[in-house]
Protein chains: 2
Amino acid sequence: MKSITIADVAKQSNVSKSTVSQYLNQRYQYMGEETKLRIENAIEELGYRPNIVARSLKQKSTTTIGVIVANILHAFSTQVIRAIEDVCHEHDFHTIVCNADDDPEKEKNYIEMLHAKQVDGLIIFPTGGNTALFKRMKKSQYPLVIMDRLLEDLAFPAVILDNEAAASLAVDHFVDRGYRSIGIMTTSITRNITPRVDRIKGYKKALEKHGIPVKDDYIRSLDLQHFEAALEEMLSLQAPPRALLAGNDLALMEILKFIKKKSLRIPEDVALIGIDDVSFASFYNPALTAVSQPAFKMGEKAAELLMKKIQDENGAIDEEVHRFEPELIERDSC
Amino acid sequence: MKSITIADVAKQSNVSKSTVSQYLNQRYQYMGEETKLRIENAIEELGYRPNIVARSLKQKSTTTIGVIVANILHAFSTQVIRAIEDVCHEHDFHTIVCNADDDPEKEKNYIEMLHAKQVDGLIIFPTGGNTALFKRMKKSQYPLVIMDRLLEDLAFPAVILDNEAAASLAVDHFVDRGYRSIGIMTTSITRNITPRVDRIKGYKKALEKHGIPVKDDYIRSLDLQHFEAALEEMLSLQAPPRALLAGNDLALMEILKFIKKKSLRIPEDVALIGIDDVSFASFYNPALTAVSQPAFKMGEKAAELLMKKIQDENGAIDEEVHRFEPELIERDSC
DNA sequence: GTGAAAGCGCTAACAT
DNA sequence: ATGTTAGCGCTTTCAC
């Protein structure tokens with residue numbers, strides 16, 4: 001499978017390689033109309049396609065960015081990815097998506113491989129490890145924007161949800177509806193995943209604001225496979241919570257499974273609000289009240305920040321964190 | 001951002017570029033133990049990472065494959081993708097995923113860009129257009145495996161579901177449960193999307209097998225945005241179907257929305273079976289009976305076929321279609 | 001055991 | 001207006 005090169009086109013059309021190159025890069029300022037046509041035909045006849053690898057080597061740009069998500073299973077990740085792809089597409093950039101699977105080791109491998117592949121920049125949903133690596137990237141000025149989670153001590157441009165507000169919104173709504181014993185269940189916070197920590201923080205603050213005492217028994221943060229046991233435990237407390245806040249979509253689904261298994265009624269037995277709007281929220285029985293993140297806007301913002309950083313050579317370095325507001329979607333589960 | 005090259009490492013360790021290259025490619029057969037160490041240190045000190053773009057240019061292989069799915073919104077697509085990624089990872093290949101969004105034009109662009117990017121092979125869920133392009137690829141021997149849908153007249157290795165069997169399974173189950181007026185709703189079959197066509201075919205055959213007359217009023221194939229109207233129509237027939245088969249996950253969700261909106265009961269008012277097992281099937285109220293595809297196995301198979309095709313230079317060319325068996329998961333919606 | 005040199009396909013001065 | 005030339009960073013004979 002020997003490929004057709006620019007040299008073949010040049011020969012076929014009786015011009016030099018450089019002229020063909022000019023043509024390919026639409027620099028036909030002073031190019032003879034006839035030459036242009038000859039080249040056009042040659043390309044057509046030969047079915048020639050430029051080799052992007054060679055071009056990238058020369059130009060030191062692959063017009064490709066990488067995005068590494070901590071966990072692709074979150075609907076939020078996929079929504080953000082689609083927005084990023086859209087923006088990149090507008091800028092004629094390609095996108096390579098990798099899933100770190102919540103594993104800092106995998107994250108590290110992907111960062112290194114994308115770097116080796118010479119992607120022009122990275123959008124990362126950090127897993128929470130790899131501090132040293134990030135420090136190095138910071139120093140090397142590698143175009144990087146952080147999404148969803150914050151990296152302590154490291155000032156990269158970042159796009160995140162106002163996670164405290166998200167939890168607050170939910171608690172406020174529970175209280176509005178007359179609930180005062182409210183639990184929160186979220187996935188594990190070993191490695192200090194900031195959104196989860198912040199959501200718990202927001203939950204506590206909101207409770208205090210309403211003069212409701214915070215009970216540690218009502219707060220659980222653990223791996224999905226331990227949800228059932230934890231739920232069992234929490235709901236068999238002498239005074240069990242009457243309302244449950246799911247810290248994210250995966251947590252919500254575990255809770256729903258449990259509720260189904262135990263034939264509990266929503267909201268009579270437990271009221272429910274989930275952070276993240278799941279695909280089936282509107283037509284679940286009952287319809288699920290949710291706090292939704294503006295995933296699309298967030299993805300757009302992250303991509304725009306990165307594009308700017310890549311194009312501005314070493315222009316104004318934006319290290320701000322861009323915080324987006326969540327929104328409560330009222331339905332029937334609370 | 002000038003990058004560190006092999007030359008820098010060579011200088012730093014007082015050897016030539018080629019020796020460093022040997023080292024990088026683990027060809028230290030005759031390499032001095034000491035040289036090895038010096039290189040190792042130099043690489044460490046400089047933080048050198050090989051430039052994959054340059055390597056690819058020379059080696060004419062990017063150890064990357066592309067996968068183009070017709071529509072990423074189908075859960076099936078994402079499951080298959082994950083399996084493909086796993087297999088590729090084992091073979092030290094990377095994967096670039098593109099979403100054609102059911103648009104043959106986009107499909108074409110992606111094929112061309114992936115080709116230009118010199119990916120070593122392609123797995124495609126065809127949108128149904130681009131016959132000429134595929135014919136050309138066939139001729140050029142480009143490593144390609146087809147997934148999910150068949151391409152008429154074109155013999156590529158393919159991995160698909162036994163779609164007729166899938167519909168049959170559902171109809172059989174309906175009949176078992178005493179239903180004899182059964183409708184089917186699926187997304188549009190303009191462009192002759194083979195799975196949809198075959199599912200309808202399987203549905204009809206199964207009906208005939210059971211001696212139930214096929215009614216055209218009970219068969220609808222259209223875009224998602226027209227589902228509501230079509231459902232309205234079908235269920236207001238003088239003799240409406242009492243059971244509904246959803247042709248895929250997206251169709252199922254539309255049906256569920258409609259049912260919710262009209263406050264219909266499942267299965268009392270309509271029984272329901274969906275082809276594709278959705279994430280929430282097990283904990284929906286009621287739990288959803290489904291015909292599931294072995295998505296993971298199918299993805300694995302496709303990836304393995306492609307890897308073989310890529311590695312076997314021009315070895316045995318497998319043009320078989322590999323057909324997988326669906327499985328009925330019995331729950332409460334029928 | 002290690003090095004020199006050519007070349008992968010393309011671009012970009014610089015000539016002409 | 002078009003051609004010549006020198007690399008981009010790496011791999012790979014072939015010498016030494």
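Lettering follows sequence order; numbering is per chain, from 1.
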Identify whether any heavy atom of [X] sits under 4.0 Å from a base atom; if not, whether one sits that close to sugar-phosphate; answer base, sugar-phosphate or nothing.
| X | result |
| --- | --- |
| B:Tyr23 | nothing |
| A:Asn14 | sugar-phosphate |
| B:Thr5 | sugar-phosphate |
| A:Ser56 | nothing |

Item to check | Plane angle bin for B:His115 and B:Tyr142 - parallel if under 30°, tilted between 30 and 60°, otherwise perpendicular | outcome: tilted
For atom [atom1] of [X] and atom [atom2] of [N], their distance in whole Å:
| X | N | atom1 | atom2 | result |
| --- | --- | --- | --- | --- |
| B:Lys58 | C:dA5 | NZ | C1' | 11 Å |
| B:Lys11 | C:dT2 | NZ | P | 20 Å |
| A:Lys17 | C:dT11 | NZ | C1' | 9 Å |
| B:Leu57 | D:dG7 | CG | P | 17 Å |
| B:Arg38 | C:dT2 | CZ | C1' | 11 Å |
| B:Leu24 | D:dT11 | CG | P | 6 Å |
| A:Ile52 | C:dT11 | CD1 | P | 10 Å |
| B:Gln22 | D:dT12 | CD | P | 9 Å |

Next on the checklist: Determine whether a donor-acceptor pair (one donor, one acceptor, N or O, separation below 3.5 Å) exists between the side chain of A:Ser21 and the base of C:dA12.
Outcome noted: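 No, no donor-acceptor pair under 3.5 Å.
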Checklist entry - If each of B:Ser16 and B:Ala54 is mapped to the nucleotide of DNA chain C with the nearest heavy atom, which maps nearer the 5' terminus, i.e. the 5' end? => result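 Going by which nucleotide is closer to the 5' end, it is B:Ser16.
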Item to check | Over 12 non-hydrogen atoms of neighbours within 6.0 angstrom of NE2 in B:His91 | outcome: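 Yes, the 6.0 Å shell around NE2 holds more than 12 heavy atoms from other groups.
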Checklist entry - Out of D:dT11, C:dC10, D:dT2, which has the shortest distance to the side chain of A:Thr35? => result D:dT2
